[in-house]
Amino acid sequence: IRRRIDMSDTTLKTTEELLGLWAELLVELEGTGKDLQKAVEKGNAAASRRVRAKCREVKKVLSQLSKDLVELDRSQKVSK
């Protein structure tokens with residue numbers, strides 16, 4: 001992910017921030033496609049390492065995104 005996500009940041013994120021994070025994740029995954037292709041088709045070990053590292057990073061960010069969405073839902077229910 002180009003901009004590092006502060007996992008200790010507990011402030012409530014806005015809808016725009018969450019949508020921006022999702023768009024950024026999609027771009028990162030699309031960019032990993034070439035390395036995945038190299039790893040699968042040609043057995044390129046370096047490409048395989050890059051793909052695995054990117055998957056671990058994306059997994060962490062998706063987990064944080066999920067938590068942020070739950071908090072957003074809670075805050076919207078309280079304000080109704």
- Thr15 OG1 to Asp68 CG distance, which is reported to the nearest 0.5 Å: 11.5 Å
- Message: For Gln37, give me all partners under side chain to side chain contact (heavy atoms under 4.5 Å, CB included), at least two apart in sequence or on another chain.
- Response: Glu41
- Message: Do Glu24 and Val27 have side chains that approach each other closer than 4.5 Å (heavy atoms only, starting at C-beta)?
- Response: no
- Item | salt_bridge(Glu71, Arg74) N-O dist < 4.0 Å | yes
- Query: Roughly how far, to the nearest 0.5 Å, is the CG atom of Leu65 from the NZ atom of Lys60?
  - Reply: 16.0 Å
- Give a yes or no on whether Leu69 and Leu19 share a hydrophobic cluster (residues Ile, Leu, Val, Met, Phe, Trp, Tyr; joining criterion: side-chain heavy atoms under 4.5 Å apart). no
- Item | From CA spacing to verdict: side chain to side chain contact (heavy atoms under 4.5 Å, CB included), Trp22, Leu62 | CA-CA 9 Å; Trp22 179 252; Leu62 282 174; 3.8 Å; yes
- Which value, rounded to the nearest 0.5 Å, describes the distance between Leu29 atom CG and Cys55 atom SG? 7.5 Å
- Using the rule that two of Ile, Leu, Val, Met, Phe, Trp, Tyr join whenever any of their side-chain heavy atoms come within less than 4.5 Å, decide whether Leu36 and Val61 are in one cluster. no
- Note on the structure: Closest non-hydrogen atoms of Lys13 and Leu72, given as atom of the first, atom of the second and distance, are O-CD1, 4.1 Å
- In one Ile/Leu/Val/Met/Phe/Trp/Tyr side-chain cluster, 4.5 Å: Val40, Val58: no
- Task: Quick one: closest heavy-atom pair of Thr32 and Glu28, and the distance?
- Result: OG1-O, 2.8 Å
- Task: Using the side chain to side chain contact (heavy atoms under 4.5 Å, CB included) rule, take Gln76 and Asp73 through it: C-alpha gap first, then chi angles, then the decisive distance, then the call.
- Result: CA-CA 5 Å; Gln76 289 174 344; Asp73 286 345; 4.1 Å; yes
